[in-house]
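Below is one structure, written out as structure tokens; comments come after it.
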Number of protein chains: 2
Amino acid sequence: MEKNITTSEGGGDGQAASPQGQAAKHQSELDCSKCEARHRCLGEGLSEEQLLGLRKITRTLGPFQPGEAIFRVEGKFKSLFVIQSGAAKIETASFEGAKLVDGFFFRDDLVGLESIGAQQYGHDAIALERTLVCELPFNQLESLCSFVPRLQRKLLIILGQKIRYTNETIVHGRYVSGEKRLLFFLQMLCEKKIIKKNDNTGSVDLPMSKGDIASYLGLRPESLSRVLTKLQSDGIIRNHTKKIEFLDIKAILQQVCR
Amino acid sequence: MEKNITTSEGGGDGQAASPQGQAAKHQSELDCSKCEARHRCLGEGLSEEQLLGLRKITRTLGPFQPGEAIFRVEGKFKSLFVIQSGAAKIETASFEGAKLVDGFFFRDDLVGLESIGAQQYGHDAIALERTLVCELPFNQLESLCSFVPRLQRKLLIILGQKIRYTNETIVHGRYVSGEKRLLFFLQMLCEKKIIKKNDNTGSVDLPMSKGDIASYLGLRPESLSRVLTKLQSDGIIRNHTKKIEFLDIKAILQQVCR
DNA sequence: CGCTTAATTGACGCTTATCAACTGTGGTGG
DNA sequence: CCACCACAGTTGATAAGCGTCAATTAAGCG
């Protein structure tokens with residue numbers, strides 16, 4: 001009604017594109033029809049025809065290299081981004097100027113929801129590894145939502161889930177020890193990232209630094225390090241630079257739930 | 001498309017209504033056309049005709065007395081509620097069984113956003129004073145959003161704002177002292193509640209208990225009490241049971257911003 | 001007017017931050 | 001290929017902030 005939702009040429013963005021001009025380089029590699037995320041991302045439950053409408057407004061961007069920005073805090077808010085492959089974080093400067101990590105995003109996750117209704121993005125979105133994203137221009141997505149009730153519902157559900165997740169982890173996390181916050185985080189990582197598990201053991205490759213994890217959990221790097229050391233001496237995990245081994249997954253799940 | 005948005009008889013809720021059966025008692029008192037919140041709540045920017053559509057799906061509930069539940073954590077998620085007058089809080093039981101206050105709501109605020117996409121409400125919503133609310137059945141609201149793009153946009157914006165507000169207060173609040181968290185909270189109260197201010201002084205009547213404030217700020221009641229005592233001895237506030245006087249509003253604003 | 005609960009105050013201890021030193025790691029250039 | 005550097009990560013010592021426990025005072029309610 002307010003907007004047409006025809007083309008995907010997008011008209012002059014110039015901020016979300018990779019600095020090296022690599023935007024859409026892998027277009028064919030990951031269009032919606034082949035994307036294995038199409039049943040989990042916004043397109044879940046849509047008919048083929050409706051998926052086509054969604055595909056028309058999207059385009060693939062990337063690959064973004066580790067440390068490269070998908071968008072920056074100064075940029076005008078225009079689009080949401082689905083992580084097709086790879087991982088990203090969002091971070092802001094605190095009052096004192098230190099960088100605070102406000103979220104991690106993995107395959108199928110939507111980045112940019114935090115800025116809906118704002119003029120500008122409120123965070124830097126930084127790729128943590130080689131990352132491909134699917135850009136969803138927000139105005140066009142809104143228009144499409146008006147025509148496709150399932151899509152509107154899905155977007156609202158995702159927003160509600162995000163609010164709940166923050167509440168359960170960060171808000172309620174204020175009342176639990178750093179150790180349990182970490183265990184909760186590791187549990188989440190296990191669900192998100194494919195973890196090679198043999199029997200009761202496994203491991204996760206960490207795309208982010210320990211410092212990022214500490215910031216996200218509301219801890220100092222030193223404190224997180226101490227927690228990791230303790231869990232290792234307890235025989236629950238084995239701590240590496242870019243990887244954490246789980247020696248007793250059941251123990252982790254038990255610790256978290258009480 | 002999926003639902004009709006005609007009547008407002010709502011078909012058997014039986015959970016949100018006041019126990020005393022006082023639902024809609026003040027219907028005439030606060031229908032949308034007279035409601036002074038109609039330009040600030042979801043109806044902002046809507047034409048008279050569109051407002052009529054919104055009014056058709058809503059009804060006023062209450063008054064809820066202090067301590068009375070607008071909805072409870074077991075209840076099936078069906079509706080959002082706009083606070084027409086009064087105030088409310090949402091709270092959950094933590095792991096240990098203690099009640100945690102996750103939010104306060106004042107005039108024009110939407111309660112229930114936290115449960116969008118869930119089967120059941122995730123909180124108890126409790127009135128803090130004599131409170132009237134406007135019920136928005138969510139399915140009907142969704143349908144209406146499909147027909148009224150401005151309404152869809154408004155709902156999305158409100159969700160985005162809620163995410164940002166939580167991030168700025170709770171998430172970033174983990175890195176600041178209890179004293180500053182309180183000052184930030186008082187500043188917010190000043191903006192929400194009408195504060196009688198003479199020159200550089202003023203006061204807020206607190207609809208919630210000190211214990212509720214402490215919980216919301218992530219503090220123990222004892223710790224909050226100490227902060228209040230300190231601020232009083234610093235000459236910034238005067239602390240009463242149900243009221244806080246501001247002796248130096250500028251000092252509060254200054255303290256918060258660094 | 002007595003009861004129940006909220007709020008305050010004090011003493012003490014624990015979790016985590018802070019400061020500092022050291023170690024490991026990855027990247028760069030000779 | 002190795003030496004060097006920059007920085008992430010770890011470890012230790014210390015302290016600040018807040019939680020916990022206990023006792024007291026104040027406030028709301030029948």
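Scope of the values below: all heavy atoms of this structure, side chains included, with no hydrogens, waters or symmetry mates. Chain A is the first sequence line, chain B the second, and so forth, proteins listed ahead of strands; every chain is numbered from 1. Values in this document were obtained by computation on a predicted structure and should not be read as measured data.
Nearest heavy-atom pair across B:I83 and B:F106 is CB-O, 3.3 Å. Nearest heavy atoms, A:V227 versus A:E179: CG1-CA, 3.7 Å.
A:R174 places its CZ atom 15 Å from the C1' atom of D:dG19, with the value rounded to the nearest Å. One interatomic measurement links the two molecules: NZ of B:K242 to C1' of D:dG28, which rounds to 10 Å at whole-angstrom precision. Rounded to an integer number of Å, the gap from CG of B:L100 to P of D:dG19 is 12 Å. Atom-to-atom, CZ of A:R181 to P of C:dT15 comes out at 13 Å; the value is rounded to the nearest Å. The distance from atom CG of B:L228 to atom C1' of C:dT8 is 10 Å, rounded to the nearest whole Å. Between the OH atom of B:Y175 and the P atom of D:dC18 there is a distance of 15 Å, rounded to whole Å. If you take NZ of B:K230 and C1' of D:dG17, they are 13 Å apart, rounded to a whole angstrom. Regarding B:I237, its CD1 atom lies at a distance of 10 Å from the P atom of C:dT8, rounded to whole Å.
Ring orientation note: the planes of A:Y121 and A:F71 are close to parallel, at an angle under 30° on the 30°/60° scale.
Side-chain atoms of A:T92 do not come within 3.5 Å of backbone N or O of A:H123 as any donor-acceptor pair.
OP1 or OP2 of C:dT8 sits under 4.0 Å from a side-chain N or O of B:K210. Checking the phosphate oxygens (OP1, OP2) of C:dT9, a side-chain nitrogen or oxygen of B:T229 falls inside 4.0 Å.
As judged by a 4.0 angstrom heavy-atom cut-off over every strand, A:N239 is placed among residues touching the sugar-phosphate backbone only.
A donor-acceptor contact closer than 3.5 angstrom is absent between the side chains of B:K162 and B:N167.
Judged by distance alone with a 3.5 Å cut-off, no donor-acceptor contact links the side chain of B:R226 to the base of D:dG17.
Residues from residues 216-223 of chain B placing a heavy atom under 4.0 Å of any atom in DNA chain C, listed by number, are B:E222.
The number of heavy-atom neighbours closer than 6.0 Å to CZ of A:R164, taken from other residues, nucleotides and ligands shown, is above 12.
For the pair A:L224 and A:T241, nearest-nucleotide mapping onto DNA chain C gives the more 5' position to A:L224.
A:R174 contributes atom CZ, which lies 10.5 Å from atom CZ of A:R181 (distance to the nearest 0.5 angstrom).
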